[in-house]
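Chain letters run A, B, ... following the sequence lines, proteins first, then strands; residues in each count from 1.
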There are 2 protein chains.
Amino acid sequence: MAASTLTEVARLAGVSPATASRVLNGSARKPGKDIAERVRQAAESLGYIPNAQAQGLAKSSSGLIGLIVHDIADPYFAAIARGVQEAAREQRKMVLLATTGGGPAEEKEAVAAFAARRADSIVIAGSRSSRDEDKDGNSELAAELDRYCRNGGQVAVVGHPVVGATAPEGYHVVKVPNQELAGRLATELAGSWDGDFVIVGGPEGLLTSDDRVRGFQEGLERAGRRPAEVLRSAFNRSGGYDAGLELAARIKAARTNAGPSGEGGGAPKLCIFAVNDVMAIGAAAALRSEGLRIPRDAAIAGFDDIETLRDFRPALSTVRLPLEDIGRVATRATQRRLAGDDGDDGDGADDASPGDITGEVTLRRSTEAAA
Amino acid sequence: MAASTLTEVARLAGVSPATASRVLNGSARKPGKDIAERVRQAAESLGYIPNAQAQGLAKSSSGLIGLIVHDIADPYFAAIARGVQEAAREQRKMVLLATTGGGPAEEKEAVAAFAARRADSIVIAGSRSSRDEDKDGNSELAAELDRYCRNGGQVAVVGHPVVGATAPEGYHVVKVPNQELAGRLATELAGSWDGDFVIVGGPEGLLTSDDRVRGFQEGLERAGRRPAEVLRSAFNRSGGYDAGLELAARIKAARTNAGPSGEGGGAPKLCIFAVNDVMAIGAAAALRSEGLRIPRDAAIAGFDDIETLRDFRPALSTVRLPLEDIGRVATRATQRRLAGDDGDDGDGADDASPGDITGEVTLRRSTEAAA
DNA sequence: CTGTTAGCGCCTTCAA
DNA sequence: TTGAAGGCGCTAACAG
């Protein structure tokens with residue numbers, strides 16, 4: 001027993017399907033009051049639910065927004081997803097979720113699947129990669145996106161444009177000032193921290209990570225500090241943990257060496273900048289497991305200001321990113337511009353309200369200099 | 001310029017649409033090798049992507065799984081969502097996401113929206129409520145689910161059945177042994193903790209919270225302890241924080257009172273059981289803000305074992321729930337049973353592999369008795 | 001094995 | 001304002 005159809009409703013109400021359609025779904029034209037009521041009653045009594053697939057087929061638009069993330073359980077993506085979800089609700093659309101683990105190949109699959117479902121727009125979150133091994137994946141993804149846009153789809157990418165994508169229209173990039181913010185973080189830290197800096201970064205080629213590393217180095221330079229050494233590991237907690245172990249070993253070694261010859265009580269203390277909060281937490285856990293304390297033995301800072309991590313002690317210095325807003329802005333960017341918009345700079349790929357996204361350096365206990 | 005259609009592909013390949021369909025999409029019947037290749041080439045060169053809406057219309061099944069959560073940014077739901085996502089991928093389906101904030105009215109909306117999209121199945125996560133104010137909402141939700149199931153839909157609810165739902169078929173409940181596990185937690189804690197217990201619960205009527213409260217009390221009773229007082233507040237971090245402030249005040253008051261008359265060094269220490277991890281973290285933050293330390297001044301335990309919170313210090317005693325599995329199991333339960341299944345106990349609403357979901361009491365530092 | 005013929009449920013011209 | 005007719009893109013019965 002399948003769901004009842006518009007035709008059945010119409011028949012029960014004694015009108016034509018066309019009329020029933022007009023009253024039940026928003027049409028420009030308004031049927032007579034009396035007839036409208038009859039139709040509504042019929043629909044109600046049959047428990048009629050319009051078939052969105054059929055509607056979509058007829059109108060060739062689905063009311064769907066596709067969201068692509070690496071991993072929905074990652075709080076970073078979960079926060080963005082919340083923003084997307086909210087914006088979707090404003091637009092009275094539903095969100096289709098795809099998680100890809102970060103590979104361009106899977107992202108391409110997801111885009112194709114969304115295209116198949118005729119999603120009105122697609123939001124891609126998660127760092128782009130410029131690594132060699134992803135080169136082919138990237139260009140396939142770019143091609144898929146191009147096609148999708150050419151067919152009228154709207155795309156918003158968070159962070160960086162997909163490498164190689166050149167869609168003429170409907171392709172938006174929500175820029176996140178990772179580099180600038182990391183720079184600010186560095187200069188602020190440099191103001192209160194005398195020791196050396198070390199950066200715990202993700203794999204080289206992960207654009208978000210690279211931006212933050214670069215920005216941090218620039219900030220150090222502006223502050224007249226020497227560049228930080230960069231340790232590379234996985235872009236997640238366990239990567240941070242690994243790097244933390246390595247650093248703990250160094251710190252302990254330096255301490256015992258400096259003990260005898262030390263000038264004033266020990267080696268200069270290290271300030272660790274992990275390119276995201278989750279890595280920072282991992283690094284902190286590693287230090288702790290090695291008997292080191294923060295900020296007594298080393299300072300540590302992260303990036304993102306993940307909400308769930310705010311109760312972590314010592315409170316983590318970080319850069320607050322308005323993750324939810326980012327999701328919202330990206331989603332809104334894909335809403336087709338209405339007439340009268342001051343446009344397009346002509347060259348295609350337009351930025352979504354540039355300048356909208358901004359962050360805030362947030363210094364907390366984990367980087368306090370006090371011995 | 002819309003996407004190209006199967007008809008166009010067929011024409012380019014010089015075959016009928018039916019044939020093209022057979023080669024491009026899995027059909028039982030296999031076209032000739034040569035013709036198949038031609039079709040594939042045509043499809044490739046046109047960048048053909050099948051229109052899932054049209055396919056769905058024709059086959060009356062959409063390849064969609066609807067997921068309903070309170071809030072996708074809540075790590076509890078995010079973890080479940082990951083499991084759902086994985087199971088969906090196994091079934092080669094996509095997941096449609098709806099977040100409702102927990103109200104039955106919005107959940108009903110979501111179910112209707114999923115029904116409109118002809119989702120093959122729906123997974124509902126998030127605690128059910130039996131509060132009076134939700135009574136109407138619950139019965140409307142139940143009616144909507146009933147209808148959805150009668151039309152052939154599959155539903156899985158995590159935790160408790162929707163109050164009042166009586167769908168004869170396709171309605172599954174993934175039971176989570178909250179009560180039993182809370183009981184085990186209580187008895188284990190009672191073994192190492194001499195002081196009194198207090199429960200920080202969610203609003204009365206939230207079934208998950210109620211189960212955990214009840215189970216914990218039973219566990220205490222089994223251990224020969226007197227029942228714990230129950231504080232009610234919001235089922236989230238801020239609720240935990242509020243309760244924590246209240247408790248901190250009491251603890252401090254008791255301490256100053258007991259000081260003079262104390263037998264052995266102070267009032268008996270309190271062990272706080274918050275019905276979920278996020279509340280526990282909130283409560284811990286409140287205690288800390290009042291200058292109290294854990295577990296020195298009070299012990300605290302949570303429930304869920306949220307991954308992101310595992311690095312919290314002192315490490316939180318809790319009950320590990322296999323959230324991801326729960327999502328997976330729920331999703332799989334909605335997969336229509338194939339012939340030859342040992343069935344149905346006849347009365348309809350069947351449980352999804354009962355006994356599959358189990359948890360594990362995990363005692364950590366936050367409840368260590370050592371002064 | 002292939003092509004033809006009907007729909008799936010709805011929306012949207014067009015006439016009435 | 002209302003109804004009739006055609007089509008959205010695809011699949012599932014048939015026929016050849």
B:R11 CZ - C:dG3 C1' separation (whole Å): 16 Å
Once you build an axis from the first five pairs and another from the last five of the helix from C:dC1-D:dG16 to C:dA16-D:dT1, how far apart in angle are they, to 10 degrees? 40°
Return yes when atom CD of A:E133 has more than 12 non-hydrogen atoms of other residues, nucleotides or ligands closer than 6.0 Å, and no otherwise. yes
For the side-chain contact (heavy atoms from CB on, under 4.5 Å) test, which of B:V123, B:V111, B:V157 pairs with B:I68? B:V111
Could you tell me how far apart B:R38 (CZ) and C:dC1 (C1') are, to the nearest whole angstrom? 13 Å
One pair to check against side-chain contact (heavy atoms from CB on, under 4.5 Å): B:N51 and A:R118. What are the steps and the verdict? CA-CA 7 Å; B:N51 185 325; A:R118 297 303 184 262; 3.6 Å; yes
Without swapping roles, check the side chain of B:T331 against the backbone of B:G327 for a donor-acceptor pair under 3.5 Å. yes
What is the minimum heavy-atom distance between A:V9 and A:A42, and which atoms define it? O-CB, 3.7 Å
Closest non-hydrogen contact found for B:A13 with B:V39 is CB-CA, 3.9 Å
Can we say A:R147 and A:E144 salt-bridge, meaning some charged N sits less than 4.0 Å from an Asp/Glu carboxylate O? yes
Enumerate all atom pairs, one protein N or O and one N or O from nucleotides 7-11 of chain C, separated by less than 3.5 Å.
| unit_1 | atom_1 | unit_2 | atom_2 | d |
| --- | --- | --- | --- | --- |
| C:dC8 | O2 | B:A58 | N | 3.4 |
| C:dC10 | OP1 | A:Y48 | OH | 2.6 |
| C:dC10 | OP1 | A:N51 | N | 3.2 |
| C:dC10 | OP2 | A:L6 | N | 2.3 |
| C:dC11 | OP1 | A:N25 | ND2 | 2.4 |
| C:dC11 | OP1 | A:Q55 | OE1 | 2.9 |
| C:dC11 | OP2 | A:S21 | OG | 2.6 |
| C:dC11 | OP2 | A:N25 | ND2 | 3.2 |

Of B:V158, B:L145, B:L67, the one forming a side-chain contact (heavy atoms from CB on, under 4.5 Å) with B:I124 is B:L145
